[in-house]
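Okay, so here's the structure we're looking at.
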Amino acid sequence: MQFIPVLVLMVLFFVMMFGIGFILNMLMKTTWFPSYLFIIVILPIVVYSLWDHSSSLVSHLGSFQIVDYMTGIAGLAGAVISGWTIQKLRLGGYRMF
């Protein structure tokens with residue numbers, strides 16, 4: 001795959017998960033909930049929904065391309081950085097977060 005679409009896709013996933021995570025953190029008064037949600041719920045749902053069950057889990061995970069893993073890591077990074085941002089804002093004295 002070409003480099004520019006992969007870069008755009010990674011930035012899109014990062015910004016999307018950062019925004020969703022930031023809003024969830026503000027509304028629910030949590031810090032790391034979006035990160036846990038991404039790891040425990042979203043990633044397994046994506047893997048399970050694409051699995052055809054005729055192959056093993058290891059061969060299914062091996063069928064993903066590097067682009068798939070890079071976008072997943074970018075989304076996880078956005079969720080983690082949103083939690084870090086909320087934590088720093090709270091330590092800075094902002095009570096609305």
Side-chain angles (χ1 to χ4, degrees):
M1 211 171 173
Q2 296 177 358
F3 179 71
I4 299 295
V6 172
L7 184 66
V8 169
L9 190 62
M10 287 177 61
V11 169
L12 179 69
F13 270 78
F14 177 83
V15 170
M16 181 179 65
M17 284 308 298
F18 180 84
I20 291 171
F22 194 84
I23 291 170
L24 279 175
N25 283 329
M26 275 194 322
L27 294 176
M28 298 178 64
K29 301 287 186 188
T30 63
T31 302
W32 301 108
F33 177 72
S35 302
Y36 299 143
L37 183 73
F38 190 82
I39 293 171
I40 295 171
V41 176
I42 295 174
L43 286 179
I45 286 176
V46 168
V47 170
Y48 185 77
S49 67
L50 296 174
W51 191 10
D52 62 356
H53 300 291
S54 64
S55 62
S56 68
L57 179 63
V58 174
S59 65
H60 173 64
L61 292 176
S63 68
F64 288 121
Q65 301 294 323
I66 188 71
V67 175
D68 301 322
Y69 290 114
M70 288 171 51
T71 55
I73 290 171
L76 180 61
V80 168
I81 291 177
S82 73
W84 180 78
T85 304
I86 288 288
Q87 185 178 23
K88 291 298 177 187
L89 286 170
R90 286 188 188 138
L91 291 176
Y94 293 96
R95 291 187 305 160
M96 65 187 262
F97 297 111

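Not measured: the values here are computed from a predicted model.
Looking at every heavy atom in both residues, M70 comes nearest to M10 through CE-SD, 3.2 Å. Here the shortest heavy-atom pairing between F13 and T71 reads CB-O, 3.9 Å. Residues A79 and S35 share a closest heavy-atom pair of O-OG, 3.3 Å. In terms of heavy atoms, F22 sits closest to S82 at N-CB, 3.7 Å.
Residues Y94 and F18 fall within the same hydrophobic cluster, defined by Ile, Leu, Val, Met, Phe, Trp and Tyr side chains chained together at heavy-atom separations under 4.5 Å. Residue M16 is grouped with residue V41 when hydrophobic side chains (ILVMFWY) are merged at heavy-atom distances under 4.5 angstrom, including chains of intermediate members. Under the 4.5 Å side-chain heavy-atom criterion for grouping Ile, Leu, Val, Met, Phe, Trp and Tyr, M17 is connected to V67 within one hydrophobic cluster. If you chain together hydrophobic residues whose side chains sit under 4.5 Å apart, I42 and I73 never meet in one group. Hydrophobic clustering, with ILVMFWY side chains joined whenever heavy atoms are under 4.5 angstrom apart, keeps L12 apart from L7.
Once rounded to the nearest 0.5 Å, the distance linking OH of Y69 with CG of L76 reads 14.5 Å. Between the CD1 atom in I20 and the CZ atom in F38 there is a gap of 10.0 Å [rounded to 0.5 Å].
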Check against side-chain contact (heavy atoms from CB on, under 4.5 Å), W32 and W84: CA-CA 8 Å; W32 301 108; W84 180 78; 4.2 Å; yes
Kindly indicate, with the supporting measurements, whether the criterion side-chain contact (heavy atoms from CB on, under 4.5 Å) is fulfilled by I86 and M26. CA-CA 8 Å; I86 288 288; M26 275 194 322; 4.1 Å; yes
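Listed by chain and residue number, nothing satisfies the ring pair (Phe, Tyr, Trp, His ring centres under 6.0 Å) test with Y36 (two or more places apart in sequence, or in another chain).
The neighbour count for Y48 OH, taken as heavy atoms of other residues, nucleotides or ligands under 6.0 Å away, does not exceed 12.
Side-chain contact between P34 and N25 is present, with at least one heavy-atom pair separated by less than 4.5 Å. Proximity of L24 to T30: side-chain heavy atoms (C-beta onward) are nowhere separated by under 4.5 Å. Using a 4.5 Å cut-off on side-chain heavy atoms (C-beta onward), I81 and F14 make contact.
Ring pair H60/W51 is parallel by interplanar angle, where below 30° counts as parallel and above 60° as perpendicular.
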